[in-house]
Every structure is written in structure tokens, then in C-alpha cells.
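Data block below; observations after.
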Amino acid sequence: MSKCLICSDNFNPFVDFGNMPIANAFSLKEELFNEYTFAMKVGFCENCNMVQLVEQPDREKMFHENYAFFSSTSNYMINHFNDFASSVISLQNLNENSFVLEVGCNDGIMLQSFLSNKIPCLGIEPSQNVANVAMEKGIEVITEFFDQPLAQHISKIHQKADAILSANVMCHIPYIHSIYDGVKTLLKDDGVFIFEDPYLGEIIEKTSFDQIYDEHVFLFSALSISYLANVHDLELVNVEPQITHGGSMRYTIAHKGLKKVSKNVNRLIEKEKAIGLDKKLAYMSFTKSVDKIKDDLIGLLTRLKNEGKKVVAYGATSKSTTVTNYFGITPDLVDCIYDTTPIKQNKYSPGAHIPVLPYSQFRESNPDYVLLFAWNHAEEIMKKESDYMGKKRHWITYIPDVKVS
Ligand code: SAH
Ligand code: TYD
């Protein structure tokens with residue numbers, strides 16, 4: 001039995017992925033003998049509806065001065081965050097007297113839009129290397145983990161916030177109650193806390209099990225977020241689906257009773273109940289679907305190997321750490337992974353030890369098949385590579401099921 005991080009009720013895990021390394025720990029050859037792992041199991045709390053990891057590595061093991069994820073590697077995401085910022089500017093009528101705070105601003109991908117609109121803003125980003133990139137853009141950043149004590153500190157040196165924003169960060173934080181306390185402290189009466197994360201409904205529907213890795217301690221739904229907000233005298237007032245990261249949800253939270261609640265909230269909660277996100281059964285059948293993908297993908301890669309085909313992978317994503325380690329994909333089945341992120345290149349993938357090579361070498365490698373680990377960027381990547389792939393090279397994707405195209 002495990003204790004729920006939200007409501008302290010007991011629950012049993014519904015899936016056990018075995019021992020997993022840190023998803024973003026791309027290592028040099030000499031570091032491979034000493035890899036840290038943790039037992040990755042996921043559970044569903046029937047009381048508050050939160051889906052969560054049972055165990056998570058210490059935050060300093062994941063977020064530090066060598067953090068490997070730089071937000072601005074996707075042009076699509078640059079546009080997405082520019083649009084996100086524009087929507088907040090018009091929703092809250094922001095101007096040079098306003099104040100915006102972003103939790104987990106990474107390389108400044110979103111705050112750069114507020115800066116160019118002369119709207120005062122502050123980023124909180126504990127991973128020093130990515131924070132440095134934001135600071136080089138002229139963005140003010142505090143390089144610490146956001147929590148209630150830091151919020152108290154910020155409240156002494158800044159006005160309260162018109163908007164607190166966060167993307168793909170809230171689901172990383174097991175001490176989420178401290179975050180919500182901090183939001184309650186820092187949010188103006190008419191302020192909004194808007195955050196987005198991969199959406200549980202999409203993960204279940206698409207069987208995108210690879211959204212589960214060390215950093216993703218929670219898989220949120222409107223059901224679980226409304227429960228959590230309520231505990232902190234806050235309220236879920238809007239939900240807006242996003243297509244990013246394979247299907248995300250943007251949640252808007254306000255002080256309880258101070259903003260009109262959109263009809264979208266109840267509509268989504270009813271839909272979640274209709275598809276059973278509040279019942280154990282949905283999670284049991286998810287686990288079966290994951291194992292079918294595993295059998296199909298390993299079967300395909302083994303057949304291609306026996307036929308002497310060259311298979312490489314594209315995008316050394318955090319998600320691929322779950323795929324390679326749970327499925328047992330090693331360099332025997334996939335030669336290497338090509339990626340544009342310099343800090344990942346000429347290293348080995350966590351656990352599976354597949355070499356990660358610079359994207360610049362992708363085309364000369366002349367593969368027969370390319371396993372798309374960055375499937376959430378499929379549209380952008382397949383368009384970019386369509387000339388090269390032509391008719392004689394093939395993509396392999398595995399979400400929602402194994403497909404060769
Ligand atoms: N918002 C960006 C980055 C997401 S990656 C995007 O959507 O692309 C998650 C980021 O959250 C990392 O940069 C990590 O350092 C940061 N992070 C993790 N815990 C945090 C905390 N408690 N406070 C602020 N940032 C945190
Ligand atoms: P992403 O899917 O955004 O994240 P996660 O780590 O959360 O699973 O990661 C995309 C990775 O793919 C990143 O390492 C950069 C790489 N990438 C490319 O190599 N080429 C591309 O065209 C794109 C869009 C991404």
C-alpha cells in the first residue's frame with residue numbers, strides 16, 4: 001500500500017515498470033557503470049482521483065546545472081508559448097504595471113514574449129544551465145525550486161501576480177501542496193494561475209505510457225485538479241485542451257468564488273467520469289494495452305534485425321527512456337538516436353545505453369527504418385524530413401499502436 005501525495009489515502013499501484021534510470025541522464029561512457037535507478041510504479045487514488053508515481057528520485061537528481069531538456073528545440077513549441085503569452089495578456093489586460101511569474105521557465109521560451117511586450121515578469125528555474133539561457137535573453141530568473149517559502153520571499157520584493165504561469169512543470173512536483181500554498185500567497189484577488197501538462201484523458205486514450213517517467217510524478221485530470229485546488233481555497237475555473245506533448249490540458253485556477261467558472265469545467269469532469277477516469281478499471285486495461293505495444297514493437301524490431309535492416313531512432317526524448325528500458329530496446333535492435341540537443345550528443349541513453357549522435361549525422365547514416373521517439377513532434381519532424389525519407393525509408397511509430405509508414 002502507498003500513501004496518496006494529495007489526500008493521504010492508501011492505494012495500490014496498477015502498473016510496475018521495474019527499475020528505471022533518470023529519464024534525462026544521458027551519460028558519458030565512463031559514467032555508465034554507476035547509474036542511479038528507482039522502482040517506477042504508478043497508482044490511482046480512488047479518493048481524490050490523482051494518478052501518481054509511488055516513488056520519485058530526489059529533485060536535485062533530476063534538475064541541476066546539467067539539465068538536458070531545453071524548451072526551445074522545437075519551433076512549434078516556440079509558437080505555442082508565444083500564443084500562450086498573448087492569450088494571457090488579453091485575458092488579464094496586462095500592461096507595464098502588471099506582474100507575471102512563471103514557475104519552471106526553462107530557457108525563457110514563454111517569458112521572452114512578456115519581455116518583448118514590456119510586461120514585468122520573473123522566472124523561477126532551478127536548473128542553472130537552462131536558466132542561464134533565459135537570463136541571456138534579459139529575463140529576470142531566480143534559480144531555485146519554487147515552493148511556499150520562496151513565494152513568501154518573492155511577496156516581499158514584488159507586487160502580487162496578475163498571472164502565475166507554468167507549463168510541463170506542475171506534474172513534476174511531489175510537494176505540490178507547497179506550490180499551491182505559494183500560489184495562494186502570491187496571486188492578486190483577480191489573478192489567475194494557468195498551467196498546462198500532459199492530460200491523463202489523452203494518455204489513457206492513446207496509451208501514451210511513455211509520458212510516465214521520473215519527472216512526471218502526477219498525471220492530471222480535471223477531476224484531480226479541482227480536488228487539489230479546493231483543498232487550497234482555490235477553484236478550477238477553466239480547462240482548454242492543447243495538442244502539445246501528445247495531448248495536454250491547460251487549467252486556469254483562481255481564488256475560490258472570485259471568477260466565473262466556465263461550463264467547460266463541468267463538461268470535462270462529466271466526460272472524465274463517462275470514460276471511467278474515476279474508476280480503477282480504466283487503469284487495468286491501460287496496462288494491457290501497454291503490453292500489446294511492447295509485444296508488437298519488439299516483434300517488429302526483431303524481424304527487421306533478422307532481415308538485416310538498419311534501424312535508427314529520432315529524438316532522444318525523456319519519454320524514450322521508459323520505452324527503451326521497459327521494452328528492453330538496446331543498441332542490438334536500434335543502432336543509435338539522432339538529436340539536435342548538444343548536451344545529449346555523443347553520450348549514451350539512460351539505462352539502455354543507445355548512443356546519441358548529433359542530428360547533423362542523421363542523413364548520412366542512411367537508415368531503412370527510423371523509430372520516432374519524438375512522436376509528439378511528428379508533424380513538424382515528418383514534414384522536415386519528407387524529402388529525405390522518400391518512399392524507400394520508413395518511419396516507425398508506436399503511439400497509439402505500432403505503425404510503419
Ligand atoms: N516550461 C518549459 C520547461 C518544462 S521542463 C516547457 O514547457 O518547455 C520542467 C522544468 O521545470 C525544468 O526546467 C525544471 O528545472 C523545472 N522545475 C522543476 N521543479 C521546479 C520547481 N519546484 N520550481 C520551478 N521550476 C521547477
Ligand atoms: P520532447 O518530446 O519535447 O520532450 P520530452 O523530453 O519531454 O519527452 O523532446 C524532444 C527531443 O527531440 C529533444 O531532445 C530535441 C529532439 N528533437 C530533434 O532532435 N529534432 C526535432 O526536429 C525536434 C522537434 C526535436
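One-based numbering, in listed order, for ligands and for the atoms of each. Because only heavy atoms are used, hydrogens play no part in the values below, and waters and symmetry mates are left out as well, while side chains stay in. Nothing fancy with the numbering, it's 1 onward along the sequence.
- Between Phe69 and Tyr67, the ring planes lie perpendicular to each other; the angle is over 60°, past the 30° to 60° tilted range.
- Of the heavy atoms in Lys319, both backbone and side-chain atoms come closer than 4.0 Å to ligand 2.
- Every atom of ligand 2 with a heavy atom of Gly315 under 4.0 Å away is listed here by number and element: 12 (O).
- Heavy atoms of Asn376 found under 4.0 angstrom from ligand 2 belong exclusively to the side chain.
- Under a 4.0 Å N-O distance rule, the pair Lys384/Glu380 does not qualify as a salt bridge.
- The Tyr213 neighbourhood of ligand 2 comprises atoms 7 (O), with distances under 4.0 Å to a heavy atom of that residue.
- Under the 4.5 Å side-chain criterion, counting only non-hydrogen atoms from C-beta, Phe146 is not in contact with Tyr175.
- Proximity of Tyr359 to ligand 2 is not established, as no heavy-atom distance is less than 4.0 Å.
- Heavy-atom proximity to Val103, at under 4.0 Å, picks out these atoms of ligand 1: 23 (N), 24 (C).
- Against a heavy-atom cut-off of under 4.0 Å, Lys344 is close to the following atoms of ligand 2: 13 (C), 14 (O).
- Under a 4.0 angstrom heavy-atom cut-off, Trp375 registers as lying outside contact with ligand 2.
- Contact analysis leaves Met77 out of contact with ligand 2, as no non-hydrogen atom separation drops below 4.0 angstrom.
- Atom 19 (N) of ligand 1 has Phe145 CD2, 3.8 Å as its closest protein atom, hydrogens excluded (heavy atom only).
- Of the charged side-chain nitrogens involved, at least one lies within less than 4.0 Å of a carboxylate oxygen, so that Lys305 and Asp332 count as a salt-bridged pair.
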| query | Please walk me through it: do Tyr326 and Asp16 pass side chain to side chain donor-acceptor pair (under 3.5 Å)? | reply | CA-CA 10 Å; Tyr326 184 52; Asp16 182 350; over 6 Å; no
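- Each of Val356, Thr317, Leu357 was checked for a side chain to side chain contact (heavy atoms under 4.5 Å, CB included) with Lys344, and the lone residue meeting it is Val356.
- Side-chain contact check for Gln345 and Asp339: no donor-acceptor pair (N or O, by modelled atom type) lies under 3.5 Å.
- By the 3.5 Å distance cut-off applied to N or O atoms, His172 is not counted among the residues near ligand 1.
- At least one N/O-N/O distance between Lys384 and ligand 2 falls below 3.5 Å.
- The 12-atom threshold is exceeded at NZ of Lys347, counting heavy atoms of other residues, nucleotides or ligands nearer than 6.0 Å.
- Heavy-atom contacts of Pro126 reach the following atoms of ligand 1: 15 (O), 17 (N), 20 (C), 24 (C), 25 (N), 26 (C) (cutoff under 4.0 Å).
- Summary of contacts: the protein heavy atom closest to atom 15 (O) of ligand 1 is Glu125 OE2, 2.5 Å.
- Heavy atoms from other residues, nucleotides or ligands lying under 6.0 Å from CD of Glu379 number 12 at most.
- Residue contact check: Phe69 has heavy atoms under 4.0 Å from atoms 5 (S), 8 (O) of ligand 1.
- Only the side chain of Phe63 comes within 4.0 Å of ligand 1, counting heavy atoms alone; its backbone N, CA, C and O stay farther away.
- Below 30°, between 30° and 60°, or above 60°: for Tyr180 and Phe193 the angle between ring planes is above 60°, a perpendicular geometry.
- Counting heavy atoms under 4.0 Å from ligand 2, residue Asp339 touches it through both backbone and side chain.
- Distances below 4.0 Å separate heavy atoms of Ala167 from the following atoms of ligand 1: 1 (N), 2 (C), 4 (C), 6 (C), 7 (O).
- Pro198 and His216 get closest at one heavy-atom pair: CG-CE1, 4.0 Å.
- Taking only nitrogen or oxygen atoms, main chain and side chain alike, Ser127 reaches within less than 3.5 Å of ligand 1.
- Salt-bridge check for Asp190 with Lys259: failed, with every basic side-chain N at 4.0 Å or more from each acidic carboxylate O.
- Taking 4.0 Å as the cut-off, Tyr314 counts as a neighbour of ligand 2 on heavy-atom distance.
- The pair Lys3-Asp9 does not count as a salt bridge, with every side-chain nitrogen at least 4.0 angstrom from each carboxylate oxygen.
- Nearest protein heavy-atom contact of atom 12 (C) of ligand 1 is Tyr67 CE2, 3.5 Å.
- Here the heavy atom of the protein found nearest to atom 7 (O) of ligand 1 is Asn168 ND2, 2.8 Å.
- Closest heavy-atom approach to atom 5 (P) of ligand 2 within the set Ala68, Ser72, Ser71, Ser318: this belongs to Ser318.
- For ligand 1, the atoms lying closer than 4.0 Å to a non-hydrogen atom of Phe146 are 21 (C), 22 (N), 23 (N), 24 (C).
- Here the side chains of Phe70 and Val133 are in contact, with some heavy-atom distance below 4.5 Å.
- Interface atoms of ligand 2 facing Thr341, defined by a heavy-atom separation under 4.0 Å, are 13 (C), 14 (O), 15 (C).
- Looking at ligand 2, you won't find any N or O of Ser74 less than 3.5 Å from one of its N or O atoms.
- Of all atoms in ligand 2, numbered sequentially from 1 with element shown, those under 4.0 Å from a heavy atom of His245 are 3 (O).
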| task | Please test Phe195 against Tyr251 for ring pair (Phe, Tyr, Trp, His ring centres under 6.0 Å), starting from the C-alpha separation and ending with a verdict. | result | CA-CA 5 Å; Phe195 67 95; Tyr251 305 91; 5.1 Å; yes
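- Distances from ligand 1 to the non-hydrogen atoms of Val169 include at least one value under 4.0 Å.
- Set against the non-hydrogen atoms of His377, the atoms of ligand 2 under 4.0 Å away are 1 (P), 2 (O), 3 (O), 10 (C), 24 (C).
- Contacts between Tyr76 and ligand 2 below 4.0 angstrom, taking non-hydrogen atoms only, are absent altogether.
- For the pair Val42 and Phe17, the minimum side-chain heavy-atom distance is below 4.5 Å.
- Contacts classified as side-chain hydrogen bond (donor to acceptor under 3.5 Å, both in side chains) and involving residues 192-209 (residues at least two apart or in different chains) are given here: His80-Glu196, Glu196-Arg250, Tyr199-Glu272, Glu202-Lys206.
- Ion pairing of Arg393 with Glu385 is absent here, as no side-chain N (NZ or NE/NH1/NH2) approaches a carboxylate O to less than 4.0 Å.
- Of the protein's non-hydrogen atoms, the one nearest atom 9 (O) of ligand 2 is Thr317 CG2, 3.6 Å.
- Counting protein heavy atoms only, atom 23 (C) of ligand 2 is closest to Ile381 CD1, 3.9 Å.
- Ranking protein heavy atoms by distance to atom 2 (C) of ligand 1, first place goes to Ser71 OG, 3.3 Å.
- Among the atoms of Thr340, some N or O lies under 3.5 angstrom from an N or O of ligand 2.
- Only the side chain of Ile173 comes within 4.0 Å of ligand 1, counting heavy atoms alone; its backbone N, CA, C and O stay farther away.
- The residues Asp368 and Lys310 are annotated as not salt-bridged, no charged nitrogen and carboxylate oxygen being separated by less than 4.0 angstrom.
- Ring geometry, Tyr36 versus Phe38: the interplanar angle falls under 30°, so the pair is classed parallel (tilted spans 30 to 60°).
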| request: Test Tyr314 against Trp395 for ring pair (Phe, Tyr, Trp, His ring centres under 6.0 Å), laying out the working first. | output: CA-CA 10 Å; Tyr314 196 116; Trp395 290 107; 5.7 Å; yes
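- Applying the 4.0 Å criterion to heavy atoms of Ile124 picks out, from ligand 1, the atoms 24 (C), 25 (N).
- Within the 4.0 Å heavy-atom criterion, the part of Tyr175 lying near ligand 1 is the side chain and not the backbone.
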